[in-house]
Amino acid sequence: MRSVLLAALLGFSLAGAAACESEYERALALFAYDRAGPLDVEVSRIDTLAVYGARIEHLSYPSPVAGRVTALLVLPAGAAPTPAGEKLAGGGAVGGDTTRKYAGIVFLHWGQGDQSEFVSEALQYARSGGISILLDAPWARPEPWTQPGESYSDPAATRQMYIQNIKDLRRGVDLLLARGDIDARRLAYIGHSFGATQGGVLAGVEKRIATFILIAGLPSLVDFSATGARKLEELNKSVLQYLSKDQVDKYVAAISPLTPTNFVGHSSPSSVLMQFATYDSWIPRQSAERFFAAAGEPKQIKWYVTSHEFNDPQALADRARWLEREIGLRPPPD
């Protein structure tokens, strides 16, 4: 499972609230980038889905770190096409009809997936007046833009990947707003597993997003001690068995400043909905409750009788109702 890394020495802890605050302030600088530069969007394909009254643009844009970010943009059929080239600027250049304002949603998939995970959901939101961008994580992009994934043996590359991912998500927000037809007050983020864990970081970094929906995420990237989920326990045991103490120490030193609980507590005033599964083999209940406890207010937690794959339709319905309440995106008619 590539969804999230969980490493740390047993007994590792932060020094206290003051240290956490200082670490948070220092970490914010890691995610800085040039927001005003041109986006240089390339659209490689457009799919028209008349039954949904929507279309899907297959596009890419430069990462602030390396290569290009591949993504899908899911739009209502009446929304203007995304201008290609450097016609969109991070500073807010207009592309399309600004008389209609849409809600905007950023999606990030789980560790075993890619940009396609949330296509069906994004199409439903397009019917309701939403424009969604569905990103590939850095390691899920096609060549020549594939970046290294999560690796215990290469903490430096893993650290860069995590930092790049957050910057790329923020650049996705830039792309939505630069269109000119997105209501800047009605932005949401939805992430699953890897996407939810990274969403905890994003919630403390990206203040333009009004609400976050985090599905089956982990509170820490540096915790080998968590128990109560079979696959997680197996992973923890394997890492502690095959890595030396020095390797674990180096991983913890590199990755612990990026731990989601260091950031999600700074989510306010944005709202947070966390969804968890009672039969999740990767997310222990104690970890779920820790993640939720760390989040800022307002927040809500919901549990579902399902697995880590999260195929419970009630969870989808609850997300739609949450978006209606938080950003005024009405549910589709059926």
J.: Going by side chain to side chain contact (heavy atoms under 4.5 Å, CB included), name the residues that satisfy it together with A253, two or more places apart in sequence or in a different chain.
T.: none
J.: Not counting sequence neighbours, which residues clear side chain to side chain donor-acceptor pair (under 3.5 Å) with S270? List them please.
T.: none
J.: Donor-acceptor pair, distance only, cut-off 3.5 Å: does the side chain of R186 make one with the backbone of I327?
T.: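 Indeed, once roles are kept as given, a pair shorter than 3.5 Å links the two residues.
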J.: Backbone N or O of L75 within a donor-acceptor pair of the R55 side chain at under 3.5 Å?
T.: no
J.: For L30, give me all partners under side chain to side chain contact (heavy atoms under 4.5 Å, CB included), at least two apart in sequence or on another chain.
T.: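 Scan of L30 (side chain to side chain contact (heavy atoms under 4.5 Å, CB included), adjacent residues dropped) gives A27, R159, I163, L258.
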J.: May I ask you to check if R319 and W322 form a cation-pi contact, with NZ or CZ under 6.0 angstrom from the six-membered ring centre and within 45° of the axis?
T.: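 No, R319 and W322 do not form such a contact.
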J.: Kindly say whether G180 contributes a backbone atom to a donor-acceptor pair with the side chain of K101 at under 3.5 angstrom?
T.: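 Confirmed, K101 side chain pairs with G180 backbone.
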J.: For a salt bridge (charged side-chain N to carboxylate O under 4.0 Å, His left out) check, start with the C-alpha distance between R170 and D174, then their side-chain angles and the critical distance, and finish with the verdict.
T.: CA-CA 6 Å; R170 301 187 74 190; D174 293 341; over 6 Å; no
J.: Is the backbone N or O of V65 less than 3.5 Å from a side-chain atom of S63, with the two atoms forming a donor-acceptor pair by type?
T.: yes
J.: Mind listing the closest non-hydrogen atom pair of A126 and V74 along with its distance?
T.: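 It is CB-CG1, 4.2 Å.
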J.: How would you list, by chain and number, every residue that makes a ring pair (Phe, Tyr, Trp, His ring centres under 6.0 Å) with F107, sequence neighbours excluded?
T.: F118
J.: Rest of the hydrophobic cluster containing Y279 (Ile/Leu/Val/Met/Phe/Trp/Tyr, side-chain heavy atoms under 4.5 Å)?
T.: V305
J.: I'd like to check the salt bridge (charged side-chain N to carboxylate O under 4.0 Å, His left out) partners of D47; sequence neighbours left out, ordered by chain and number.
T.: R45
J.: Which residues satisfy the ring pair (Phe, Tyr, Trp, His ring centres under 6.0 Å) test with F291, sequence neighbours excluded?
T.: none
J.: Can you pull the salt bridge (charged side-chain N to carboxylate O under 4.0 Å, His left out) pairs that have at least one residue in residues 279-291, sequence neighbours excluded?
T.: D223-R290, R285-E289
J.: Please name all residues satisfying ring pair (Phe, Tyr, Trp, His ring centres under 6.0 Å) with Y33, sequence neighbours left out, ordered by chain then number.
T.: none
J.: Would you check if the side chain of S281 reaches a backbone N or O of R230 as a donor-acceptor pair within less than 3.5 Å?
T.: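 Checking the backbone N and O of R230 against the side chain of S281, no donor-acceptor pair under 3.5 Å is found.
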J.: Got a sec, which residues hit side chain to side chain donor-acceptor pair (under 3.5 Å) with N165, two or more places apart in sequence or on another chain?
T.: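 For N165 the side chain to side chain donor-acceptor pair (under 3.5 Å) partners, ignoring immediate neighbours, are Q198.
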J.: Using side chain to side chain donor-acceptor pair (under 3.5 Å) as the criterion, list what pairs up with Y304, not counting sequence neighbours.
T.: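 Q275, D318.
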J.: Just jot down the salt bridge (charged side-chain N to carboxylate O under 4.0 Å, His left out) partners of D168, sequence neighbours excluded, or say none.
T.: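 Once residues adjacent in sequence are excluded, the partners of D168 under the salt bridge (charged side-chain N to carboxylate O under 4.0 Å, His left out) criterion are R141.
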